[in-house]
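Please read the structure below before turning to the comments.
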Amino acid sequence: MIELAREVADALRRREPVVALETTLVAHGFPAGDGLAVGLEAERRVRESGAVPATVGVLDGAVRVGLSETELERFTPEARKVGPRDLAACAVQGAVGATTVGGTLAACRVAGIGFMATGGIGGVHRGERLDVSADLGELTRTEALVVCSGVKSLLDVPATAELLETLGIAVIGFRTDELPLFYAARGGPPVSARIEDAGEAARIAHAHWQLGRHSALVLAHPPAESLDDVGPLIEQALSAAAEAGVTGQEVTPFVLARLHELSGGRTLKSNRKLVADNAGLAAEVAVAYAGIAA
């Protein structure tokens with residue numbers, strides 16, 4: 001059920017650095033057509049930093065780890081959004097499935113990939129009804145370092161930070177003492193530790209797993225261009241989603257699209273850049289880790 005691209009399989013066999021990337025960003029994270037460009041740029045940044053990109057998605061009855069550009073083009077807005085629970089059904093039914101952070105981590109665990117990059121992880125949703133992303137469950141059982149710009153800012157960030165602590169997930173700040181708020185570099189809860197370079201992140205990841213912690217680490221990378229005024233726009237977008245009756249997995253793409261409109265395109269520009277920057281940093285850490293584990 002898992003098919004590795006030859007380049008990815010060869011790199012893993014030689015214990016060379018590999019970085020996993022998700023496909024939900026391609027299919028649902030950006031306006032139609034833009035997601036493909038973002039996915040290709042993330043792969044380019046991984047290569048530029050010395051690692052092999054392994055973009056994950058469900059195609060033609062299998063979970064594919066490593067995709068060609070032609071294959072990546074098939075992840076349109078019509079693709080299923082696939083979390084960990086959905087991988088088997090999507091593959092057996094022959095559907096095109098765009099993997100979330102959680103779905104991608106599940107594939108990483110089987111394939112043996114220890115590094116991943118994304119925009120932001122899922123978490124605890126706002127509101128009285130309990131709604132928690134499956135991303136957090138996969139973080140507890142996958143030995144991977146995930147580079148992101150914090151928790152998606154449309155979520156309840158403080159509650160998510162508390163839950164990550166309860167689950168024993170280390171949240172490391174890359175040159176920051178605070179968990180970034182996705183579009184904003186500052187303002188989130190404190191991180192569990194701060195680091196200054198990729199080598200330090202690699203050494204902590206190595207020690208974490210050597211100590212028998214079979215869980216992920218989150219490396220929080222603040223966006224280069226902080227949008228400190230986006231908070232009220234998020235509230236407006238969430239209100240619009242509630243009024244439209246949007247729920248579940250459809251909330252994130254709806255809110256992101258509305259934010260793009262309300263911000264005059266600034267959030268879209270920021271999102272594109274942080275995804276690419278996170279991919280580059282994940283590759284730097286993976287390269288450093290390969291030197292330690294060799």
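These numbers come from the heavy atoms of this one structure, side chains and all, not from hydrogens, waters or symmetry mates.
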- Item | Pairwise side chain to side chain donor-acceptor pair (under 3.5 Å) hits with a residue in residues 141-154, at least two apart |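 Output for this query lists R109-T142, E138-R141, E143-H214, S149-N278.
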- Query: Tell me the side chain to side chain donor-acceptor pair (under 3.5 Å) pairs involving residues 234-245, sequence neighbours left out?
  - Reply: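 Checked against side chain to side chain donor-acceptor pair (under 3.5 Å) - neighbours excluded - the pairs reaching residues 234-245 are R126-E235.
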- Message: Surrounding CZ of R14 (heavy atoms of other residues, nucleotides or ligands, distance under 6.0 Å), is the total greater than 12?
- Response: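 Yes.
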- Task: Could you walk me through whether S68 and E73 pass the side chain to side chain contact (heavy atoms under 4.5 Å, CB included) test, one step at a time?
- Result: CA-CA 9 Å; S68 67; E73 288 174 353; over 6 Å; no
Tell me the closest heavy-atom pair linking [X] and [Y], and the distance in Å.
X    : Y    : answer
V19  : A286 : CG2-CB, 4.1 Å
G39  : V26  : CA-CG2, 4.1 Å
A111 : L4   : CB-CD1, 4.2 Å
L179 : A220 : CD1-CB, 3.9 Å
I169 : L139 : CD1-O, 3.4 Å
A32  : P77  : CB-CG, 4.2 Å

- Would you please test T24 and T100 for side-chain hydrogen bond (donor to acceptor under 3.5 Å, both in side chains) and show each step? CA-CA 5 Å; T24 288; T100 62; 5.4 Å; no
Got [X] and [Y] here, is their nearest side-chain heavy-atom distance under 4.5 Å?
X    : Y    : result
L217 : V146 : no
E250 : H28  : no
V157 : F182 : no
V132 : H125 : no
N271 : F30  : yes
L72  : L36  : yes
L136 : L163 : yes
P31  : H260 : yes

Calculate, to the nearest 0.5 Å, the distance between atoms [atom1] and [atom2] belonging to [X] and [Y] respectively.
X    : Y    : atom1 : atom2 : answer
T176 : R186 : OG1   : CZ    : 7.0 Å
L67  : L21  : CG    : CG    : 9.5 Å
L181 : L155 : CG    : CG    : 11.0 Å
L268 : S263 : CG    : OG    : 8.0 Å
I172 : S192 : CD1   : OG    : 4.0 Å
L154 : L256 : CG    : CG    : 6.5 Å

For [X], give me all partners under salt bridge (Lys or Arg N to Asp or Glu O under 4.0 Å), at least two apart in sequence or on another chain.
X    : answer
E162 : none
R258 : E261
E200 : none

- Query: For F254, which residues count as a ring pair (Phe, Tyr, Trp, His ring centres under 6.0 Å) partner, sequence neighbours excluded?
  - Reply: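 F254 satisfies ring pair (Phe, Tyr, Trp, His ring centres under 6.0 Å) with no residue once adjacent residues are dropped.
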- ILVMFWY cluster membership beyond V92 - transitive side-chain contacts under 4.5 angstrom: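 Traced through the cluster, V92 reaches M1.
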- Task: Output all residues satisfying side chain to side chain donor-acceptor pair (under 3.5 Å) with T140, sequence neighbours left out; order by chain, then residue number.
- Result: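 Scan of T140 (side chain to side chain donor-acceptor pair (under 3.5 Å), adjacent residues dropped) gives none.
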- Task: Answer with yes or no whether the side chains of E78 and T76 bring together a donor and an acceptor at under 3.5 Å.
- Result: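 Their side chains do contain a donor-acceptor pair, which is all the 3.5 Å distance test asks for.
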- Please determine which of T23, V96, D86, L87 meets the side chain to side chain contact (heavy atoms under 4.5 Å, CB included) test together with V58.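 Running side chain to side chain contact (heavy atoms under 4.5 Å, CB included) over T23, V96, D86, L87 with V58 returns exactly one hit, L87.
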- Query: Pick from L259, D229, V230: which one makes a side chain to side chain contact (heavy atoms under 4.5 Å, CB included) with R266?
  - Reply: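 That would be D229; it is the only one of L259, D229, V230 passing the side chain to side chain contact (heavy atoms under 4.5 Å, CB included) with R266.
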Under a 4.5 Å side-chain heavy-atom rule over Ile, Leu, Val, Met, Phe, Trp and Tyr, are [X] and [Y] clustered together?
X    : Y    : answer
V110 : M116 : no
V8   : F75  : no
L130 : L238 : yes
V101 : V275 : yes
V56  : L59  : no

- Task: Give the intermediate values and the outcome of side chain to side chain contact (heavy atoms under 4.5 Å, CB included) for residues V18 and F115.
- Result: CA-CA 7 Å; V18 176; F115 298 89; over 6 Å; no
Is there a donor-acceptor contact under 3.5 Å from the side chain of [X] to the main chain of [Y]?
X    : Y    : answer
T160 : G123 : no
D135 : G102 : yes
W209 : S215 : yes

- Message: Apply side chain to side chain contact (heavy atoms under 4.5 Å, CB included) to residues C148 and V218 and explain how you reach the verdict.
- Response: CA-CA 7 Å; C148 62; V218 173; 3.6 Å; yes
Among pairs that include at least one residue of [range], which meet salt bridge (charged side-chain N to carboxylate O under 4.0 Å, His left out), considering only residues two or more places apart or in two chains?
range            : value
residues 21-43   : E41-R44
residues 273-288 : R45-D277, K273-D277
residues 201-227 : none

- Given the rule in the side chain to side chain contact (heavy atoms under 4.5 Å, CB included) test, do Q93 and R80 qualify, once you have shown the distances and angles that lead to the verdict? CA-CA 11 Å; Q93 293 175 347; R80 289 188 192 180; 2.6 Å; yes
- Would you call R74-E69 a salt bridge at under 4.0 Å N-O?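 Here R74 does not pair with E69 in a salt bridge, since their nearest N and O are not under 4.0 Å apart.
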- Counterpart residues, side-chain contact (heavy atoms from CB on, under 4.5 Å), relative to R194 (two or more places apart):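 R194 satisfies side-chain contact (heavy atoms from CB on, under 4.5 Å) with R175, D177, E196 once adjacent residues are dropped.
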